[in-house]
Amino acid sequence: MRSNVFKLYDLPLTNKKELVENSQVQLTKKLNLATHHINHFAEPIEIEKLAGHYGTPLYIIDENTLHKRVRDLRNAYARFNGHVKLAYSVKANFTPAVLTSFIKDGITFDITSLGELHFLRRCKAPPEDMIYTSVTEEFQEYYEVLQSGIRKVVVSSFSGMTNLAKAAHKLAIKPLTMIRVNPEVGVKAEICASYKNGKFGVPLKGGTIDNAAQMVKHLMDNDLLHFEGFHFHLGSQITDFSCFIHAFDKMHNFMTKMKKEFPKFTVNTFDIGGGTPVFYNESVPTPSQMADSYIPRLNRLVESHGSFDLLIESGRYLVAESSMLISKIVNTKEYDEQEIVIVDTGYHLLLDAALLKQEYPQETVSTLNPSNEQGRSANGKSIHLTGRLCDTYDVFPQSKASDLTGAKVGRYVSFYNVGAYSVVFNMPFHCQTKPAIVMKTMNGEYRLVRRGISYEQLFIDEGGSLI
Ligand SMILES: Cc1ncc(COP(=O)(O)O)c(C=O)c1O
């Protein structure tokens, strides 16, 4: 069956939807999905020592894993016939120490707000390694973006493109302008960013001016903006890759049409967004398995439309498995069938556990000092792992890989693969403070990279000094 997927690019571009879908179902069944380890850290982490020193909850980031994920993602696209660039989507985790690690890898940064730009500038990332993709697309925003030295901007609406042109005119800069398209393909993923009438990007055709055809027309021979290429982002945690194949086919047809209309039309950069999945509950395809399923299709785009730089964006894959959250069991309750285990963290630190019912793999950490422990462990009863918040959503779904054996008061519970879309959502619900973050650096040292915040600091941040 794998051969079906790889031969799709030999088929006519019409009437192959069914084959793509059937192939994908079989692909997912047949792919030899790697057995995932609950812990991806290169070396053991001294959890008890760190938790004792910094207190809990505590995030720990492994820098080695960050760099390894960059290498893995880059290697996955080695068979693409052209130049491949990786972009880290800062929205997944803006911790300055994480940004600084990725700057060392020389990768690009996908940013979406002036705040993210500020963080990157403070970390001394070069502006030529940034691509700006905004949802708001205001004039002043683009003015500041261009002023900062960024030259690659993705526009997502006709009025956004007009604002960029105005800023470009005022600063006498001609930015490389990409159009964010919404290919309107079905995406079978929890987080889907491409659907009919969707918020992101413009459709290829339809509407009046907010479509890619109109925007390309305005960008051809434009005095203020230089047409650079296309961007789309289909969604996050994608494990069914047929949506990419559908999107590439739609882009192929569209680019053929544009070339007929505008002989000078060429695409220099083709940015296929994020979506590379990570392990939470079920095994997922590796980046190589993902890339292999559609690289032939991408190579065909190169054959038909000429060489372009392929930009792979990733937030989740690059950071998720680099981080764990350590919490402490602070209370338990025993019912006939199950044990309620209460930890000192909650969804204020792991929002996706409540929002998406994300099953972060959890594990009880046995303590070196059993005198800190109280009570009995769950005696084979099923464990309900809950957080410290007075809120019904504050219950942690468990991964198939979770192992809470021996959970009792005083022991620690590690939540793995929490590096993406968690720290960035930290919120002070119930006057909870942001915990510290420690990074295990490449030379094996533990370095405090974010201080925990005190109740007094939170009080002041919330206006306590203004009363
Ligand atoms: C435009 C864009 N690119 C890339 C990403 C990163 O996606 P992921 O974290 O699934 O890699 C996102 C996430 O929302 C996005 O909006």
Side-chain angles (χ1 to χ4, degrees), residues 65-66 69-70 72-74 76-77 84-95 98-99 102 107-113 115-117 120 129-137 145 150 152-157 160 177-183 185 187-195 198-202 228-241 243-244 247 269-280 284-287 290-291 294 310-323 351-352 355-356 358 360 417-425:
T65 307
L66 295 174
R69 289 296 168 265
V70 169
D72 291 347
L73 198 54
R74 201 175 264 144
Y77 287 83
V84 178
K85 282 185 175 176
L86 293 191
Y88 171 56
S89 297
V90 174
K91 57 179 76 69
N93 187 331
F94 51 61
T95 305
V98 169
L99 301 180
F102 285 140
I107 58 175
T108 299
F109 292 90
D110 153 41
I111 55 177
T112 196
S113 72
E116 291 180 353
L117 173 57
L120 278 173
D129 289 345
M130 299 181 206
I131 178 163
Y132 196 82
T133 307
S134 163
V135 173
T136 43
E137 305 189 87
V145 164
I150 295 181
K152 218 177 246 184
V153 180
V154 179
V155 290
S156 301
S157 66
T177 308
M178 316 248 308
I179 301 174
R180 180 168 183 169
V181 298
N182 173 4
V185 288
V187 182
K188 293 182 197 132
E190 182 84 36
I191 303 160
C192 164
S194 170
Y195 44 89
K199 161 180 173 182
F200 302 106
V202 289
E228 172 68 10
F230 296 108
H231 159 81
F232 61 66
H233 169 69
L234 301 181
S236 198
Q237 188 69 2
I238 299 174
T239 51
D240 178 332
F241 310 126
C243 53
F244 282 95
T269 302
F270 190 48
D271 173 353
I272 65 170
T276 312
V278 300
F279 171 70
Y280 294 111
V284 294
T286 62
M290 175 176 184
Y294 53 64
L310 178 67
L311 193 62
I312 310 296
E313 296 180 353
S314 173
R316 191 182 296 279
Y317 181 77
L318 290 181
V319 286
E321 292 174 351
S322 73
S323 306
L351 185 61
D352 279 350
L355 214 58
L356 302 176
Q358 192 88 273
Y360 293 106
N417 303 352
V418 302
Y421 309 109
S422 62
V423 170
V424 287
F425 288 139

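Order of listing sets the numbers, starting from 1, for every ligand and every atom in it. The first residue in the sequence is number 1, and the count goes up from there.
- Ranking the protein heavy atoms by distance from atom 7 (O) of ligand 1 puts His233 CE1, 3.3 Å first.
- Protein heavy atom closest to atom 10 (O) of ligand 1, with residue, atom name and distance, is Ser236 OG, 2.5 Å.
- The N/O atoms of Thr276, backbone and side chain alike, include none that comes under 3.5 Å of an N/O atom in ligand 1.
- In this structure, Asp271 does not pair ionically with Lys85, as no charged nitrogen and carboxylate oxygen lie closer than 4.0 Å.
- Close approach of ligand 1 to Asp110 is summarised as follows: ligand atoms under 4.0 Å from at least one heavy atom of the residue are 2 (C), 3 (N), 4 (C).
- Close approach to Gly275 involves these atoms of ligand 1, each under 4.0 Å from a residue heavy atom: 7 (O), 8 (P), 10 (O), 11 (O).
- Residues Val135 and Thr112 approach most closely at N-OG1, 4.5 Å, considering heavy atoms.
- Considering each of Glu313, Lys91, Arg316, the one bringing a non-hydrogen atom nearest atom 15 (C) of ligand 1 is Lys91.
- Considering backbone and side-chain atoms alike, Tyr317 places every N or O at 3.5 Å or more from each N or O of ligand 1.
- Looking only at protein heavy atoms, the nearest one to atom 11 (O) of ligand 1 is Gly315 N, 2.9 Å.
- Close contacts of ligand 1 with Arg180, meaning ligand atoms under 4.0 Å from a residue heavy atom, involve 1 (C).
- Relative ring orientation between Tyr294 and Tyr77 is described as tilted, the plane-to-plane angle lying within the 30° to 60° band.
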So Glu228 and Thr269, side-chain hydrogen bond (donor to acceptor under 3.5 Å, both in side chains) or not? Walk me through it.
-> CA-CA 6 Å; Glu228 172 68 10; Thr269 302; 2.4 Å; yes
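- By the 30° and 60° cut-offs, the orientation of the rings of Tyr88 relative to Phe102 is tilted.
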Which is it for Glu137 and Val155 under the side chain to side chain contact (heavy atoms under 4.5 Å, CB included) test, yes or no, and what are the steps along the way?
-> CA-CA 7 Å; Glu137 305 189 87; Val155 290; 3.6 Å; yes
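- In terms of polar-atom proximity, Tyr421 is counted as a contact of ligand 1, with an N or O under 3.5 Å from an N or O of the ligand.
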